[in-house]
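First the structure, then my questions, so here it is.
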Amino acid sequence: MSGRRVVDSGYRIEIDRIACDAYGACAELLPEGIDLDEWGYPILAPGNVPAHLLDLAKRAVDGCPVLALRLVKVARAREADTPPPTVFAARRPETRLDRMEGMPPWPPRPANRPPKRGPDPTRRR
Amino acid sequence: MTARLLSGPSTTAGAETLADHLARLGDLPGRADRAHLIAMLDAAGLLGRGGAGFPVGRKWGSVAGRAKGEAVVLANGAEGEPLSHKDRVLMASRPHLVLDGLELAAEAVGARRAVLYVGSEHAEARAALERALAERAAGRTPGRLPRVPTTLVTPPVSYLAGEESAAVHFVNAGDPRPTTVPPRPYEKGVAGRPTLVQNVETLAHAALIARYGDAWYREAGRAETRGTALVTVSGGMRPGVLEVDLGTTVGELAEWSGVSASVGSPVLLGGYFGTIVAGANAWRLPLDPVAMRCDGAAFGAGVVAFLGDEACGVATTARIMDYMAGSSAAQCGPCVFGLRAIADASARVATGQPHQDDLARLRGWSQSLAGRGACRLPDGTTALLATSLRVYEADWTSHQHHRRCSVRQGARVVQ
């Protein structure tokens, strides 16, 4: 995609980090804008969603099994203060969803990932 | 070192009574003179003292300018930061200054309810505030401020309980864990009402600005940001809380604290969510939120901790990382897994049993976790880690590659 001008859609993806449970559906549906870290949690490409990816972004937002994503309308990125829209992948690879026509909608949560847990914050030290 | 908040009797003399407080500082001005308090706070350029340094006038203005509904004011004295003591000292010695500020804030933003949010470990501060509330209930309030029903709430000991959404969450539901923002507390906070969450030191400054004006406030201070600030100094011969002009250099505090200038060892500034600055750069650094940000340092909660040369910087960092990982509210994946991974890797490096790629992975995590939690715990933790990796670069490298600690004269790290 080098040399191609990325047009700003005026929308940004926001993630509810508490709700997010690392299903990874967003990165499957929008690999250009969402990468996963080593624990399966999403990393967003900086900046607003590029205009040509807006429909795919909407699909990723609707496709989150725990509805942790949303699209927020923001002012279009101005050159100085907001990073321009960026994309991770040059070409959109075939996603799991494309291969899943006619299958039940969501794969189960990967079994090998431990549940989020930590110290009970209400416990006195 | 201008004394304003801490002028008058020594902070060790116990809580000032209402009569002493009014005799020393004078009464608050009348209602008509208080009408422009928000504009005065703007003109004074007062920044929040809880750590984020948000402009106070703008914060009060956004709650006061709400479309509808009653507001709530929450005085934040949770002070969970392990290196900070200034809030508890202020609450324990000058409770009426804090309450003046709280009631002024309630009046300015039109709040009908106030919450005093005091960490349960600060028993002295809590007792002082309870006594002060009783004194005010018995007599008339300073400046005939309208009475605001005030609830004293004590969150459990936890680093995150003082985070503003966590404070609101605890008051509402007894759960001191941050919530997803937006909505931010100033939009939807205590009991679903717009809530002004303000650090107790900030409120105390507002109480003085209401009395003496913004021009008076700006007389103190040597740098871009005017006024005075409470700082907690540790690591020297003489640790403690003191009030300094903003713009006072770290070197001057070193002198006050009995750290010799020739030592020039690294300094931790801001708090556990702050920055480590190499001694050579730190000594001339002014304690001023704006100037420090330009230099990549953080004023944070006013913590100045001299780390000294005797302690291994890698081990110190590993301890802080472990504390922060243990402080995670365990809600957001990048924080739960990321901070724990950082703590474990830094502990391995510090104790001389690093995995082959630990240092490289620490460098990566220090850049990849910011902005990926509901609150800013991962941001603050990785910011401190990033500065430690820079300042103690030689030590990290020698720990990782040679299992040698430079502090112990190149001795092999004993496991």
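By convention in this document, chain letters (A, B, ...) are assigned in the order of the sequence lines, proteins followed by strands, and residues within each chain are numbered from 1.
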>> If the condition is side chain to side chain donor-acceptor pair (under 3.5 Å), which residues does A:Arg12 pass it with, not counting sequence neighbours?
In response: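 Side chain to side chain donor-acceptor pair (under 3.5 Å) check on A:Arg12 returns A:Glu14.
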
> Of all residues at least two apart in sequence or in a different chain, which pass the side chain to side chain donor-acceptor pair (under 3.5 Å) check with B:Thr316?
Replying inline: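 Side chain to side chain donor-acceptor pair (under 3.5 Å) list for B:Thr316, sorted by chain: empty.
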
> Just how far is it from atom CZ of B:Arg177 to atom CD1 of A:Ile18, taken to the nearest 0.5 Å?
Replying inline: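 Reported value, rounded in 0.5 Å steps: 8.0 Å.
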
> Under a 4.5 Å cut-off applied to non-hydrogen side-chain atoms, are B:Arg372 and A:Arg17 in contact?
Replying inline: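 When only atoms from C-beta onward are counted, A:Arg17 and B:Arg372 do touch, with a gap below 4.5 Å.
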
> Does anything in residues 153-173 of chain B pair up under salt bridge (charged side-chain N to carboxylate O under 4.0 Å, His left out), and if so which pairs, sequence neighbours excluded?
Replying inline: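 Found B:Lys59-B:Glu164.
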
> Side chain, backbone, both or neither: which part of B:Ala161 has an atom under 4.5 Å from a heavy atom of chain A?
Replying inline: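 Contact with chain A: none, neither part.
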
>> Can you tell me if A:Glu38 has over 12 outside heavy atoms packed within less than 6.0 Å of its CD?
In response: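 Yes, the 6.0 Å shell around CD holds more than 12 heavy atoms from other groups.
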
> Between B:Thr179 and chain A, which part of the residue has a heavy atom less than 4.5 Å away: side chain, backbone, both or neither?
Replying inline: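 Backbone only.
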
> What closest approach, in Å, do B:Gly333 and A:Tyr41 show between heavy atoms, and which atom pair accounts for it?
Replying inline: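 Shortest heavy-atom separation between B:Gly333 and A:Tyr41 comes out as CA-CZ, 3.2 Å.
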
> Listed by residue number, which members of residues 373-384 of chain B have a heavy atom under 4.5 Å from any heavy atom of chain A?
Replying inline: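 Under the 4.5 Å heavy-atom cut-off, B:Gly373, B:Ala374 qualify.
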
>> Could you report the tightest heavy-atom contact between A:Trp39 and B:Gly338, atom names first, then the distance?
In response: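 Heavy-atom minimum between the residues: CH2-CA, 3.6 Å.
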
